[in-house]
Amino acid sequence: MANQQYPTSHGINDLKKQAQVVVVMVPLPAQGHLNQLLQLSRLILSHNIPVHYVAATTHNRQAKQRVHGWDPNAAANIHFHDIEIPPFRCPPPNPEAKIKFPSQLQPAFNASIHLTKPVSMLLRALSCKARKVIVIYDSLMGSVIEEARFLSNAEAYTFRSVSAFAVSLYEWELEGNVIEENELFPRDIPTLEGCFTDEFAGFVNCHYSKHGKFNTGCVYNTCRVIESAYMDFLEKETTKEGIKHWALGPFNPVTIPERSKSSKKQHFCLEWLDKQAKNTVIYVSFGTTTTFDDEQIKELANGLRKSQKKFIWVLRDADKGDVFKGEERRAELPKGYENSVDGKGLVVRDWAPQLEILAHPATGGFMSHCGWNSCMESISMGVPLAAWPMHSDQPRNTVLITKVLKIGIVVRDWVRRDEIVTSKIVKNAVNRLMASTEGNEMRKRAAEMGESVRGSVDEGGVSRMEMESFIAHITR
Ligand SMILES: *[C@@H]1O[C@H](CO)[C@@H](O)[C@H](O)[C@H]1NC(C)=O
């Protein structure tokens with residue numbers, strides 16, 4: 001009988017076995033989270049495992065529309081379940097808010113609760129057909145996937161959307177420990193003060209799934225090349241509970257498909273980059289949850305100009321809970337600004353192809369809020385950072401980037417977050433990263449780290465092996 005069950009032809013057997021396993025992704029509806037699970041969907045799909053991606057209709061549309069760095073046709077094989085949920089409030093971001101956490105997204109987070117019933121129905125339906133249903137859910141969506149608990153052939157894995165470093169600190173504190181300097185954690189780790197709104201902290205308390213009995217493992221968009229110490233720490237912390245941890249990142253592609261130069265779809269900033277010398281351009285972008293007030297925009301604009309360095313600056317307002325609803329505020333630049341930086345800098349007002357920009361040889365630095373997506377993209381493309389954290393895990397990611405990995409500088413200290421960042425501070429930071437010995441050393445370290453990270457997804461590399469171990473585990 002054993003022979004029948006395990007035919008000699010390995011490959012075919014693997015395929016058959018995997019075909020009986022389906023994966024269901026349940027993201028939190030914010031761009032950084034939607035994108036990471038969409039990227040992971042692509043990776044899992046490449047192992048011939050069907051993937052179902054479940055979100056509100058508008059959030060699925062957002063995730064698909066903003067795919068970059070890979071062929072969107074690849075997403076055609078992902079089963080998107082567009083869930084119609086009742087309308088939720090969709091206020092604009094508030095540039096004057098003291099706490100920079102995107103509180104305008106809270107109604108969308110709250111509305112996720114309406115996914116519970118459709119997700120339960122989907123899980124039940126899949127559970128009848130498949131040998132095994134694997135749910136990979138954002139750590140804040142635990143209550144939406146409760147149904148999985150009652151299905152004998154379902155397993156749930158938590159997706160931690162932030163760095164293993166940030167998760168380690170968080171878990172350490174949750175257990176009532178005080179963070180002190182030691183071989184893992186450097187000095188002066190910022191507290192969580194100012195990182196979240198009270199309302200969001202309440203939401204986390206309600207929904208954050210610490211490893212309940214039901215949780216079988218955690219997956220991370222990180223790579224052991226970068227964070228093995230923290231992955232080891234997390235493993236040690238949870239040996240008793242038997243929780244497994246997989247560092248499956250980078251989720252983003254590490255090579256960009258060759259651009260066809262004739263293609264009309266080429267973004268203008270990539271054409272501009274083609275004309276610039278190696279490592280001469282700083283890419284400036286603060287992600288999808290940052291909104292600056294007019295004064296801060298003016299200081300940033302002037303600082304970039306004064307630096308005399310080449311730049312691409314993505315100046316967009318933060319996302320609303322529904323990115324397709326209503327108008328976006330168009331930030332005012334100082335009069336004549338764009339002409340005054342002509343040839344030196346580009347201001348991009350729409351969605352920029354970030355991964356392609358970071359992968360471009362002309363890009364030599366990234367001024368960033370240090371959201372984890374951006375950090376991973378920058379690290380895997382070998383670009384050092386100028387860190388200007390805004391909220392959430394970003395202040396702590398900044399510590400990881402600057403003090404632990406030493407591939408970046410701090411633009412503005414987190415403790416001075418209530419102060420405006422003057423043009424002089426901006427100018428000095430740009431020059432320090434782009435034109436100093438210290439900056440060059442960081443660029444060299446970042447380039448080496450990028451190479452190792454890209455190598456980690458090749459045959460025999462650590463991330464490839466980790467992914468193979470995860471696939472073997474869920475198809476066992
Ligand atoms: C979100 O839900 C919480 C808990 O039910 C509630 O207190 C809060 O007012 C809601 N916030 C928004 C913006 O809808």
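Residue indices begin at 1 and follow the sequence shown. Counting starts at 1 for both ligands and their atoms, in listed order. Not measured: the values here are computed from a predicted model.
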Undergrad: Please determine if Asp319 and Arg316 form a salt bridge, counting it only when a charged side-chain N lies under 4.0 Å from a carboxylate O.
TA: yes
Undergrad: If you measure from the Lys or Arg side-chain nitrogens to the Asp or Glu carboxylate oxygens, is any gap between Glu171 and Arg160 under 4.0 Å?
TA: yes
Undergrad: Can you name the atoms of ligand 1, numbered from 1 with element, that are less than 4.0 Å from a heavy atom of Arg89?
TA: 13 (C)
Undergrad: How far is atom 14 (O) of ligand 1 from its nearest protein heavy atom, and which residue and atom name does that atom have?
TA: Asn110 ND2, 3.1 Å
Undergrad: I'd like to check atom 4 (C) of ligand 1 in this structure: does the protein have a heavy atom lying under 4.0 Å from it?
TA: no
Undergrad: Do Tyr157 and Tyr137 have ring centroids that are under 6.0 Å from one another?
TA: no
Undergrad: Considering only protein heavy atoms, which is closest to atom 8 (C) of ligand 1, and at what distance to one decimal place?
TA: Glu199 OE2, 3.0 Å
Undergrad: Kindly state whether the ring of Tyr220 and the ring of Phe159 have centres lying under 6.0 angstrom apart.
TA: no
Undergrad: Should the ring pair His473 and Trp246 be called parallel, tilted or perpendicular, given that the plane angle runs from 0 to 90° and is split at 30 and 60?
TA: tilted
Undergrad: Quick check on atom 11 (N) of ligand 1 - does any protein heavy atom sit closer than 4.0 Å to it?
TA: yes
